[in-house]
Protein chains: 2
Amino acid sequence: MTKKPTTSASPNVRTTAKGPAAAAGGEVTAIASNRAARAAERRAAIVEAALEEFIARGFAATRLDDIAKRAGVAKGTIYLHFKDKESMFEELVRIVIVPVVERLTTLPPPTGSVRERVEAFASNFLKEVANTRRGDLVRLIVAEGPRFPAVADFYYREVVSRGIAGMRALIELGIARGEIQQKNLARFPQILVAPAMIAVIWQSLFARHAPLDAQEMLRVHLDLIFGERRTT
Amino acid sequence: MTKKPTTSASPNVRTTAKGPAAAAGGEVTAIASNRAARAAERRAAIVEAALEEFIARGFAATRLDDIAKRAGVAKGTIYLHFKDKESMFEELVRIVIVPVVERLTTLPPPTGSVRERVEAFASNFLKEVANTRRGDLVRLIVAEGPRFPAVADFYYREVVSRGIAGMRALIELGIARGEIQQKNLARFPQILVAPAMIAVIWQSLFARHAPLDAQEMLRVHLDLIFGERRTT
DNA sequence: ACATTATGACTGACTGGTCAGTCAAAGTCA
DNA sequence: TGACTTTGACTGACCAGTCAGTCATAATGT
């Protein structure tokens, strides 16, 4: 911020190099000897390294030199893919989140009881978020959100509002089917998600002091909402 | 004279350094023109300014020049009260939290139904934390905790572990009295607190997009735990 | 009471290190 | 070869922390 560099900004900020070749393939990409593929690989390495560093140190304290080193590229290379540190951070969040959202929205239409659906969602959350780097990403967004309105907006739009809407629909269905008693719950789907968020935050702050069995906690929470079942 | 840059650095408002001289006037209060009082005032100004800045920008991005400016002192003055930026941040957290914990632990022994007690706690939380700068402090701790183990430890020890223990006791009482059905809840008092934490985080991240009626949400949540009451 | 001296709180220009961003030169592929 | 890519030394802004000097206040002397 406050940087008024002379002359224009670098002309790139390319999206995904040319051609469709650079698809998200990942490791499968045969011999990485064609330029677009190599570029995509490097970009991916940078993204992963940056994510790691930002999570560990926060935005301001992260050094681009460290990201470059971790990614195995020179610092200048980063600027071939991202305009500057700030927009790099913002893009990073998108890059990590978009695929997750896409996968969720293209999921087969859920079936079964509402409780089963919520349980499926919870177990999915535990597997895909709570126990991965994406969990830390959530904490990172909470940490940096206020200083990056663009990030907070994006996260709200793509994840939170959709998640809340989805949960609300599910809760209403649960109420209609008689699985959920508390009618007011539909007004605050946040309640349903809260323990999951707390679990993520707990893990990265207090796991050392008092490990938390997130899976069990979510189960107990669901018992609370749907009425007790039997213990497993 | 002056500076003794020995690393020890004992940053505190010395209480009337000299011996018996202070005895002079019974009323120490008087005009805040004696040195100790002025120093305490400045220290308080620094603490408040620092809190504001750290909350707004995070640890790494906060400039001591800005804190000094906001507090109306010179930068050097900060170093008369705190060893360095880092320990200043750590002390800050203590300074803000300790009085709150003290007040809570010296509260009159609670009475009434468990629900009433939890409700009292919730309304207290809304008044004293959610709608004040202390709410932002919580978010700040979540944000910086991983980089400041000392802060995370302190917060866990003084606030979280006590809060969890207190809640657990309350839940167990609720179960014993038959106010709470879900016996497993005592294993995860976090569930009881989760919506409150979410409310705090929500306010500072998403209030712009979708304001959240925290009070109502907590009420609904309590209905969920204690069984529905009547709608207001 | 008044004058003189001692104290130490306070200041802010300064220093040394750090780091985002640049670009000329070296490297690589077709 | 020539176009394109990558590099990393370099620049300049920025900022935590320092310290010699100032001055209001307190202590002491007359």
Side-chain angles (χ1 to χ4, degrees), chain A residues 1-14 17-18 31-43 45-46 50 53-54 57-69 71-89, chain B residues 1-7 9-25 30-43 45-46 50 53-54 57 59-69 71-89:
Chain A
M1 53 190 87
T2 66
K3 212 35 210 223
K4 254 328 166 28
T6 59
T7 72
S8 64
S10 43
N12 322 41
V13 191
R14 64 197 62 208
K18 54 276 309 285
I31 305 125
S33 56
N34 108 27
R35 285 188 168 177
R38 281 184 58 78
E41 252 174 34
R42 283 172 171 253
R43 186 185 162 91
I46 291 169
E53 293 287 329
F54 280 133
R57 309 175 129 74
F59 176 80
T62 290
R63 282 163 301 210
L64 290 193
D65 285 295
D66 288 348
I67 295 177
K69 200 165 158 190
V73 301
K75 185 158 58 154
T77 306
I78 292 174
Y79 287 88
L80 299 174
H81 294 274
F82 301 95
K83 178 166 156 287
D84 58 19
K85 192 184 176 188
E86 211 163 305
S87 60
M88 179 186 185
F89 179 71
Chain B
M1 48 168 67
T2 67
K3 244 8 218 198
K4 267 295 174 49
T6 50
T7 48
S10 54
N12 44 11
V13 183
R14 50 200 81 243
T15 52
T16 325
K18 271 15 175 68
I31 304 127
S33 58
N34 80 49
R35 287 186 167 179
R38 281 183 58 77
E41 252 173 34
R42 279 167 178 256
R43 189 186 161 88
I46 291 169
E53 293 286 329
F54 280 132
R57 307 174 132 71
F59 175 80
T62 291
R63 282 163 304 213
L64 289 194
D65 285 294
D66 289 347
I67 293 177
K69 200 166 160 190
V73 301
K75 185 158 55 150
T77 305
I78 293 175
Y79 288 88
L80 299 176
H81 293 273
F82 300 95
K83 178 167 158 288
D84 57 19
K85 192 184 178 186
E86 211 163 301
S87 61
M88 180 187 185
F89 178 71

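Letters A, B, ... are given to chains in the order of the sequence lines, protein chains preceding strands, and every chain is numbered from 1.
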Q: Might you work through the side-chain contact (heavy atoms from CB on, under 4.5 Å) test for A/Leu80 and A/Arg42, ending with a clear yes or no?
A: CA-CA 10 Å; A/Leu80 299 174; A/Arg42 283 172 171 253; over 6 Å; no
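Atom CD1 in B/Ile78 sits roughly 17 Å away from atom P in D/dC19 (whole-Å rounding). Atom-to-atom, CG of B/Leu64 to P of D/dC15 comes out at 10 Å; the value is rounded to the nearest Å. Summarising the geometry, the separation between CG on A/Leu80 and P on C/dG21 is reported as 14 Å, rounded to the nearest angstrom. The distance from atom CD of B/Glu41 to atom C1' of D/dT25 is 15 Å, rounded to the nearest whole Å. If you take NZ of B/Lys85 and P of D/dT18, they are 14 Å apart, rounded to a whole angstrom. Taking atom CD1 of residue A/Ile46 and atom C1' of nucleotide D/dT5, one finds them 12 Å apart after rounding to whole Å. Per the geometry, NZ belonging to A/Lys69 stands 14 Å off C1' belonging to D/dG8, to the nearest Å. One atom, CD of B/Glu86, and another, P of D/dC15, lie 18 Å apart when rounded to the nearest Å.
Listed by chain and residue number, nothing satisfies the salt bridge (charged side-chain N to carboxylate O under 4.0 Å, His left out) test with B/Lys85 (two or more places apart in sequence, or in another chain). Remark: A/Ala60 pairs with B/Ala60, B/Ala61 by the side chain to side chain contact (heavy atoms under 4.5 Å, CB included) rule, at least two apart or across chains. In this view, B/Asp65 and B/Lys75 satisfy the salt bridge (charged side-chain N to carboxylate O under 4.0 Å, His left out) rule, not counting sequence neighbours.
Looking at every heavy atom in both residues, B/Ala71 comes nearest to B/Ala45 through CB-O, 3.7 Å.
Side-chain nitrogen and oxygen atoms of A/Thr77 include none within less than 4.0 Å of the OP1 or OP2 phosphate oxygen of D/dT6. At least one side-chain nitrogen or oxygen of A/Arg42 sits closer than 4.0 Å to the OP1 or OP2 atom of D/dT6.
When distances run from any side-chain atom of B/Arg63 to the nucleotides D/dG17, D/dC15, C/dA20, the shortest one goes to D/dC15. Side chain of A/Tyr79, nearest nucleotide from C/dA20, D/dG17, D/dT6: C/dA20.
Remark on the helix from C/dA1-D/dT30 to C/dA30-D/dT1: inter-end axis angle 10°, axes from five-pair C1' superpositions, rounded to 10°.
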Anything under 3.5 Å between a protein N or O and an N or O of nucleotides 13-16 of chain C, put it in a table, one pair a line.
none

Would you list the protein and nucleotides 25-28 of chain C atom pairs, both N or O, that sit under 3.5 Å from each other?
{"from": "C/dT28", "atom 1": "O2", "to": "A/Arg35", "atom 2": "NH2", "distance (Å)": "3.2"}

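At a threshold of 4.5 Å between non-hydrogen side-chain atoms, the residues B/Thr62 and B/Phe89 do not count as touching. Counting only heavy atoms from C-beta outward, the side chains of A/Lys69 and A/Arg63 never approach each other to under 4.5 Å.
Going from atom CG of B/Asp66 over to atom CD of B/Glu53 covers 5.0 Å, rounded to the nearest 0.5 Å. Here the CD1-CE distance, from A/Ile46 to A/Met88, works out to 6.5 Å after rounding to the nearest 0.5 Å.
Positionally, the nearest nucleotide of DNA chain D for A/Val73 lies more toward the 5' end than for the other of A/Val73 and A/Asp65.
Relative ring orientation between A/Phe54 and A/Phe59 is described as parallel, the plane-to-plane angle staying below 30° on a 0-90° scale split at 30° and 60°.
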